[in-house]
Protein chains: 2
Amino acid sequence: MPARPTMKDVARQAGVSTMTVSRVVNGEPGVMPETAARVHRAIRSLGYQRDDVARQLRRKGQLTQTVGILLDNVADPFMASLASAVEDVARQQGSVVLIGSSRDDPVREREVVSAFTSRRIDGLILIPVAGSHRFLRNAVATGTRVVCADRSATGLKTDAVVVDNRGSANRAIAHLIAHGHRRIAYLGDRLDIWTIEERYAGYLTALAYAGIPADPAIVRHGLRLADDATAAMTGMLAEADPPTAVLASNGIVGLGVRAALPAGTALVSFDDFLLAAQLDPPVTVIAQDPVAMGSTAAHLLFSRIHGDSSPPRTVVLPTRLVARGSGEISGPY
Amino acid sequence: MPARPTMKDVARQAGVSTMTVSRVVNGEPGVMPETAARVHRAIRSLGYQRDDVARQLRRKGQLTQTVGILLDNVADPFMASLASAVEDVARQQGSVVLIGSSRDDPVREREVVSAFTSRRIDGLILIPVAGSHRFLRNAVATGTRVVCADRSATGLKTDAVVVDNRGSANRAIAHLIAHGHRRIAYLGDRLDIWTIEERYAGYLTALAYAGIPADPAIVRHGLRLADDATAAMTGMLAEADPPTAVLASNGIVGLGVRAALPAGTALVSFDDFLLAAQLDPPVTVIAQDPVAMGSTAAHLLFSRIHGDSSPPRTVVLPTRLVARGSGEISGPY
DNA sequence: TTGAAAGCGCTAACAG
DNA sequence: CTGTTAGCGCTTTCAA
């Protein structure tokens, strides 16, 4: 395996100093066209490419043009869209993106953050897992900008881009109640996830506001997979006094619930999903815009990287309740 | 903003040399526990973290523990699952992952590859866009390992992990013919994408084998979005002698076709998608396993990185024809 | 317009 | 067990 050629190799071949090569490689002015051409020829003939690892070392205080994005799970469509939007903005800004999945594991999250910061990323888009993020303070203090997306972090004041989860859940329940439902189940993911907690709180608030007592018999937490949700729903339907409507805390749960849902039972799910409209009956969803979220978070991150040091901001993006008539239109009877 | 502390800072604070700090930081043996403790204390008090950018520079010939993955579009569920599997393997191997989207643009692909290789990635998982990949030769010659996934590259001999696209399409058409269909449409993405070309070839072969003449009136290429596919399908149905069955070249197209499909018309689509089974009628699919593909490609990549220099291999993963009875069971009449 | 010298933060190689 | 020296590939600074 031939070693990667260096500026020295190019300099020797072109009969100039490494400084001249450096100037040519970086398009700096003050090199005779004649000389530059000789250097370019040597570059091509050797297949030289600038080593940015070495470059970054010398250019201290400069940016590495690398940002990180750490999310739950790249395979989740919501996260994937968000990541894609972040990547687009990063590319526009001339940066590359390191990606990592925490899989909701705080240990893994710390490890990945550490692997990222030891590579001197300029900034981090973080979808924080449950638990404290005080460990990020060092990183922030030494210049790594952090913007949270989807969820906000605890123990650390950062910029964040979120939606009004509580209000959205509240509106969804109000919508069901307006259509005559009073026995409304909640099926959800782990309650220690910030967004999930907020959504559940919205569910409770809306019931309380309507004077409907919350019934633990039709509430399930901790559903991670679609199959978990299907099983939970099936179990709930077998009990006495089953619900006439269901709120699903997120897309995965919604999907799982849908598979067990009897005709006529209403379903409102957080997160729009492909095909939700093609199902019969279609599923009513609380749609978020992951692209807007990723793009907003990325723009915020780069404005920080470029020197914006105003106080941390939380941007709240709107959601849309897409009423598709999953049974709630005709009412429970 | 306080500057990031260096080994020198730690050494001064602990009253030792930087070499001793280096040994402690890297967990090397031969440091008195007493001394190590002093160093650790200094590290904590300063919030020191090793700078891997500098480290990689000195440890030449060593790995940067960074791999790249360059795909079409992170937001595509198939690609997202593949990327997620790659990330899992990379993490196991102690590497981080740079991610980039080519969006089917060869210029963008080259730019991203260049940004990656200038950061001295150890290896690259590539989902190649159409066109020649000869430009990667330099990178390969100087030590960057490349493994293609999903599609193989032209103009460059690399490892690749693919499925038998042609054979799978062939089997799907044979399946439809066996159920009595003779007027079978093909709706597909851009024909210059390797997988799509193969699938279309399989479609033609199967028809020819059955003695059914191919009819350009029921063939459409270049469908990029679901809406394109819906429009194409709608148009086709309005013409004389519409098809009784359809082959969709990929999930996006399948989704779009499904939206315009009259009851009783059969649909077989490449790529399984969430909810395909919950639709009524459900969609028959040619299911690939993106996780297996990503994981296989990543393992192959790391075996290369760790010195395997046997001739390039192409691994062909199986597909599954999941017959869900989208109208083909009952036949065309 | 070009080059020489120094040094970024770290570690290999050797010396004590 | 610990330290010194040199140098990774590049860019900054200064001199020619």
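Each chain gets a letter, A, B and so on, in the order the sequences are listed, and its residues count up from 1.
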So which nucleotide from dT2(D), dT11(D), dG3(C) ends up closest to the side chain of T20(A)?
dG3(C)

R134(A), CZ atom: more than 12 neighbouring heavy atoms under 6.0 Å
no

Rounded to the nearest angstrom, tell me the gap between atom CE in M19(A) and atom C1' in dA6(C).
13 Å

Closest of dT11(D), dC10(C), dT2(D) to the D51(B) side chain is dC10(C)

By nearest-nucleotide position on DNA chain C, the 5'-leaning member of M7(B) and M32(A) is M32(A)

Of T35(B) and L57(B), the one whose closest DNA chain D nucleotide lies more 5'
T35(B)

Please state how far atom CZ in R38(B) lies from atom P in dT2(D), giving the value in whole angstrom units.
8 Å

Whether the side chain of R23(A) and the base of dG3(C) hold a donor-acceptor pair under 3.5 Å is what I'd like checked.
yes

From NZ of K8(B) across to C1' of dG7(C) the rounded distance in Å is 9 Å

Among side-chain atoms of D122(A) and T64(A), is any donor-acceptor pair under 3.5 angstrom?
yes

Does OP1 or OP2 of dC8(D) have a side-chain N or O of T6(A) closer than 4.0 Å?
no

Without decimals, in angstroms, what is the distance between R120(B) CZ and dG9(D) P?
8 Å

For dT11(D), does either OP1 or OP2 sit under 4.0 Å from a side-chain N or O belonging to R59(A)?
no

Residue pair R190(B) / I196(B), side-chain heavy-atom distance below 4.5 Å
no

Separation of R4(B) atom CZ from dG9(C) atom P, in whole Å?
10 Å

Salt bridge or not for R103(A) and D72(A), using N-O below 4.0 Å?
no

Between P29(B) and E28(A), just flag the one whose closest nucleotide in DNA chain D comes earlier from the 5' side.
P29(B)

Would you check if the side chain of R108(B) reaches a backbone N or O of S101(B) as a donor-acceptor pair within less than 3.5 Å?
yes

Would you kindly give the CG-to-P distance between N26(B) and dG9(C), to the nearest whole Å?
17 Å

Under-4.0 Å side-chain N/O to phosphate OP1/OP2 contact, R58(A) with dG7(C)
no

Write down the distance between CG (D9(A)) and P (dG9(D)), rounded to a whole number of angstrom.
8 Å

Using a cut-off of 4.0 Å on non-hydrogen atoms, how would the nucleic acid contact of V53(B) be classed: base, sugar-phosphate, or nothing?
nothing

Spacing between D52(A) atom CG and dT11(D) atom C1', to the nearest angstrom:
12 Å

Quick check for you: among dT2(D), dT11(C), dT11(D), whose closest atom lies nearest to any side-chain atom of V31(B)?
dT2(D)

